[in-house]
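Everything numeric in this text was worked out from a predicted model, so none of it was measured. A, B, ... follow the sequence lines: proteins, then strands. Residue 1 opens every chain.
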Amino acid sequence: MALRSAVAAPRGLVRRLFSTTSTSPFIPPPIHAAAQAPARPQADPSANLFVSGLSKRTTTEKLHEAFSQFGEVEHARVVTDRVSGFSKGFGFVKYTTLEDAAKGIEGMDGKFLDGWVIFAEYARPRPPLGQPGNSMTPPYGRR
DNA sequence: GGTGAGCGG
C-alpha cells in the first residue's frame with residue numbers, strides 16, 4: 001500500500017480524471033465536438049521545450065545538465081525576473097534535433113529535479129520578437 | 001521567495 005501519491009501527475013492526466021466528476025445539477029449538454037479542439041494542452045512538436053515545476057534554486061546550467069542526459073541540448077534557460085533576478089520556477093530547453101527533444105520530454109517529464117517534480121513539454125510557437133520601428137507591439141490575446 | 005500555475009530573452 002502506498003503511503004501517499006503526493007507526486008504531482010501531469011496536468012493532462014488530471015484534467016481527464018476531473019472530467020468524470022460532474023455532480024453539478026447544471027450539466028452542460030454533451031457537445032459532439034471532439035474534433036473541434038477548443039484548447040491546446042500541448043503545442044506541436046518542436047525542438048524547443050517548456051519546462052515547468054522547477055525549483056527556485058534550479059539554475060540554467062543545472063537544467064542543461066539534466067536534459068543533456070537524453071539528448072544534445074543546444075541551449076537551456078531558466079526564466080528569471082528582470083529586476084529581481086530570481087528564478088520564476090520554469091524555463092526552456094532547446095535541443096539540436098526534434099527527436100532529441102522528444103527523448104528529453106519522455107526522459108525528464110514527471111521526474112525530480114532539485115527536489116521538485118518538473119514538467120517538460122513542447123514550447124508554444126512564438127511570434128518573432130523583432131518588430132521593426134516599434135518595440136511596443138506585443139501580441140495581445142493568447143491564442 | 002515564505003508565494004507553485006505557467007510559455008522567456
Want to settle it: does A/S55 or A/R77 sit nearer the 5' end of DNA chain B, counting the closest nucleotide to each? A/S55

From B/dG6, B/dG8, B/dG4, pick the nucleotide closest to the side chain of A/F50? B/dG6

By nearest atom, which of the nucleotides B/dA5, B/dG8, B/dG6 is closest to the A/K56 side chain? B/dA5

So what does A/L49 touch, heavy atoms closer than 4.0 Å: a base, only the sugar-phosphate, or nothing? nothing

For residues A/F50 and A/Y122, establish whether the separation of their ring centroids is below 6.0 Å. no

What do you reckon, do A/F92 and the base of B/dG8 stack, with centroid distance below 5.5 Å and planes below 30°? yes

Is there a donor-acceptor pair under 3.5 Å between the side chain of A/S55 and the backbone N or O of A/W116? no

Selected nucleotide, minimal atom distance to A/R82 side chain, candidates B/dC7, B/dG4, B/dG9: B/dG9

Looking at A/D81 and B/dG8, is any side-chain donor or acceptor paired with a base atom of the opposite kind under 3.5 Å? no

Does A/R124 get its side chain close enough to the base of B/dG8, under 3.5 Å, for a donor-acceptor pair? no

Donor-acceptor under 3.5 Å (A/Q69 side chain, A/A66 main chain): yes

Does A/G53 reach a base, just sugar-phosphate, or nothing at all? Heavy atoms under 4.0 Å. base

